[in-house]
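A short worksheet on the structure shown next.
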Amino acid sequence: METIHWSVDINVEKRKGYPQISEAADCLRNGHVVAFPTETVYGLGADATSDQAVQGIFDAKGRPSDNPLIVHISDTDDLSGLVAEVSGTASKLMETFWPGPLTIIFNKKSGVFSDLVTAGLETIGIRMPDHPVALELIRRSGRPLAAPSANTSGKPSPTAAAHVAGDLSGRIAGIVDGGETGVGLESTVIDCTVTPPMILRPGGVSAEDIAACIGGVTTDPSLKKEQSAPRSPGMKYTHYAPTAPLYLLEGETKWIQETIQRMQQEGKKVGLLATSELAAEVNADVISICGSRNDPAATARTLYHAIRSFNETDVDMILAESFDEKGIGTAIMNRLEKAAGHKWIRQRSS
């Protein structure tokens with residue numbers, strides 16, 4: 001399959017009547033799969049009401065069929081035809097965080113979505129992305145779009161069109177290039193069908209911000225282990241992983257350097273995923289910098305790009321700095337633990 005590339009400047013598109021976005025929307029209406037930018041990561045979109053279209057997502061990604069998909073809309077008015085009800089809590093969250101990186105779990109309206117989208121569940125995750133290209137594409141397609149991250153299943157999510165092309169060229173109909181994404185990590189997923197609401201996946205909206213909006217909120221305790229029946233994307237299987245095995249580190253800077261040297265003495269070529277502060281204090285065969293300790297948002301924005309960069313090297317293993325689990329740091333650590341398959345190397349207390 002030849003993959004079409006549309007390079008989109010939304011301001012230029014608007015002046016010309018959105019010809020490239022309209023062409024991409026035509027592909028979606030005709031049942032094809034198209035990658036597009038959101039404020040979080042690039043999504044792999046298909047008509048959420050069509051079995052054939054949604055199957056194209058699973059085929060392109062190699063994604064397990066028991067992993068539900070998030071549906072993207074362009075207007076809150078669309079919800080009335082998609083979900084059974086909108087609770088007061090969900091309404092507050094939508095008013096505060098939509099458009100934006102928050103996915104809300106609703107009870108679905110029967111007979112609307114492909115069963116492949118919901119993986120047999122009676123609920124559906126929906127969000128409204130905060131990206132002008134995504135919103136215009138959804139509007140012009142006239143369809144709710146199922147759209148997981150536009151990468152090969154299990155690999156780091158794409159934050160640039162080049163990442164999508166590297167993974168999926170020849171396997172999807174098109175890629176809408178709207179530049180690099182802003183948040184860099186997927187949306188937070190919150191289940192509003194339970195009381196109190198429960199965070200199923202940390203992401204671009206922090207638990208602290210959600211609590212400030214609606215009060216009581218819980219976090220799914222299974223986030224720290226594998227799920228047999230995932231209720232949200234990212235709850236099962238190793239995700240976000242580079243080619244070389246990745247291990248999380250917990251220890252002092254001196255111990256980290258000693259750990260790297262010990263691995264090197266064993267004949268391994270060692271990569272280090274680190275903030276600029278740690279990178280200035282230690283040496284490794286390859287160092288990929290992901291932001292600064294003083295700017296967690298920048299770390300989130302560059303995390304996947306930094307992880308992907310190791311695939312262009314010949315490192316045997318990757319050691320990754322760990323972060324405080326507060327604010328967006330919770331989402332950063334969730335992605336790193338998934339990338340590492342929950343493998344840690346910890347300094348022993350003396």
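Values below: every heavy atom of this structure, side chains too, minus hydrogens, waters and symmetry copies.
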Under 3.5 Å, side chain of [X] to main-chain N/O of [Y], donor-acceptor pair present?
X: Gln347; Y: Glu252; answer: yes
X: Lys108; Y: Leu121; answer: yes
X: Asp285; Y: Gly271; answer: no
X: Arg171; Y: Ala60; answer: yes
X: Thr118; Y: Thr123; answer: no
X: Glu122; Y: Asn107; answer: no
X: Glu321; Y: Thr275; answer: yes
X: Tyr42; Y: Asn151; answer: no
X: Arg63; Y: Pro68; answer: yes
X: Glu208; Y: Gly327; answer: yes

Nearest 0.5 Å please: distance from the [atom1] atom of [X] over to the [atom2] atom of [Y].
X: Ile10; Y: Ile21; atom1: CD1; atom2: CD1; value: 4.0 Å
X: Lys155; Y: Ser149; atom1: NZ; atom2: OG; value: 13.0 Å
X: Ser80; Y: Leu82; atom1: OG; atom2: CG; value: 7.5 Å
X: Leu272; Y: Met317; atom1: CG; atom2: CE; value: 11.0 Å
X: Ile105; Y: Ile124; atom1: CD1; atom2: CD1; value: 7.5 Å
X: Arg127; Y: His72; atom1: CZ; atom2: NE2; value: 4.0 Å

Check: [Y] and [X] side chains under 4.5 Å, non-hydrogen atoms:
X: Pro158; Y: Arg308; result: yes
X: Asn294; Y: Glu277; result: yes
X: Trp255; Y: Leu249; result: yes
X: Leu336; Y: Ser322; result: no
X: Ile175; Y: His5; result: yes
X: Ile138; Y: Pro129; result: yes
X: Phe323; Y: Pro296; result: no
X: Leu145; Y: Phe36; result: yes

When you group the ILVMFWY residues by side-chain heavy-atom contacts below 4.5 Å and let the links chain together, are [Y] and [X] in the same group?
X: Ile260; Y: Leu248; result: no
X: Ile73; Y: Leu93; result: yes
X: Phe113; Y: Leu69; result: yes
X: Val34; Y: Leu135; result: no
X: Leu278; Y: Ile307; result: no

Checklist entry - Taking all non-hydrogen atoms of both residues, which atom of Val217 and which atom of Ala211 are closest, and how far apart? => result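 Minimum heavy-atom contact is CG1-CB, 4.0 Å.
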
Checklist entry - Are Arg335 and Glu186 close enough for a salt bridge, meaning some N to O gap below 4.0 Å? => result yes

Checklist entry - Does Lys92 pair with Glu95 as a salt bridge, N-O distance under 4.0 Å? => result no

In this structure, are over 12 heavy atoms from other groups packed under 6.0 Å from [X] atom [atom1]?
X: Gln257; atom1: CD; result: yes
X: Lys326; atom1: NZ; result: no
X: Glu266; atom1: CD; result: yes
X: His32; atom1: NE2; result: yes

Checklist entry - For Asp47 and Arg143, what are the C-alpha separation, side-chain angles and deciding distance, and is it a salt bridge (Lys or Arg N to Asp or Glu O under 4.0 Å)? => result CA-CA 6 Å; Asp47 179 357; Arg143 306 284 194 275; 3.2 Å; yes

Regarding [X] and [Y], is there a side-chain donor-to-acceptor distance under 3.5 Å anywhere?
X: Ser187; Y: Arg201; result: yes
X: Asp209; Y: Ser206; result: yes
X: Ser7; Y: Asp177; result: no
X: Thr38; Y: Thr40; result: yes

Item to check | Partner of Pro101 by side chain to side chain contact (heavy atoms under 4.5 Å, CB included), out of Leu185, Val205, Thr188 | outcome: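 It is Val205, the one option of Leu185, Val205, Thr188 that forms the side chain to side chain contact (heavy atoms under 4.5 Å, CB included) with Pro101.
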
Next on the checklist: Apply side chain to side chain contact (heavy atoms under 4.5 Å, CB included) to residues Val86 and Phe106 and explain how you reach the verdict.
Outcome noted: CA-CA 7 Å; Val86 179; Phe106 301 91; 4.2 Å; yes

Item to check | Pair Leu319-Val270, side chain to side chain contact (heavy atoms under 4.5 Å, CB included): steps then yes or no | outcome: CA-CA 7 Å; Leu319 304 179; Val270 180; 3.9 Å; yes

Item to check | CA sep, side-chain torsions, deciding dist, call: Leu303, Tyr240, side chain to side chain contact (heavy atoms under 4.5 Å, CB included) | outcome: CA-CA 10 Å; Leu303 182 66; Tyr240 326 116; over 6 Å; no

Next on the checklist: Determine whether Val112 and Val71 satisfy the following criterion, side chain to side chain contact (heavy atoms under 4.5 Å, CB included), listing intermediate values before the conclusion.
Outcome noted: CA-CA 12 Å; Val112 176; Val71 172; over 6 Å; no

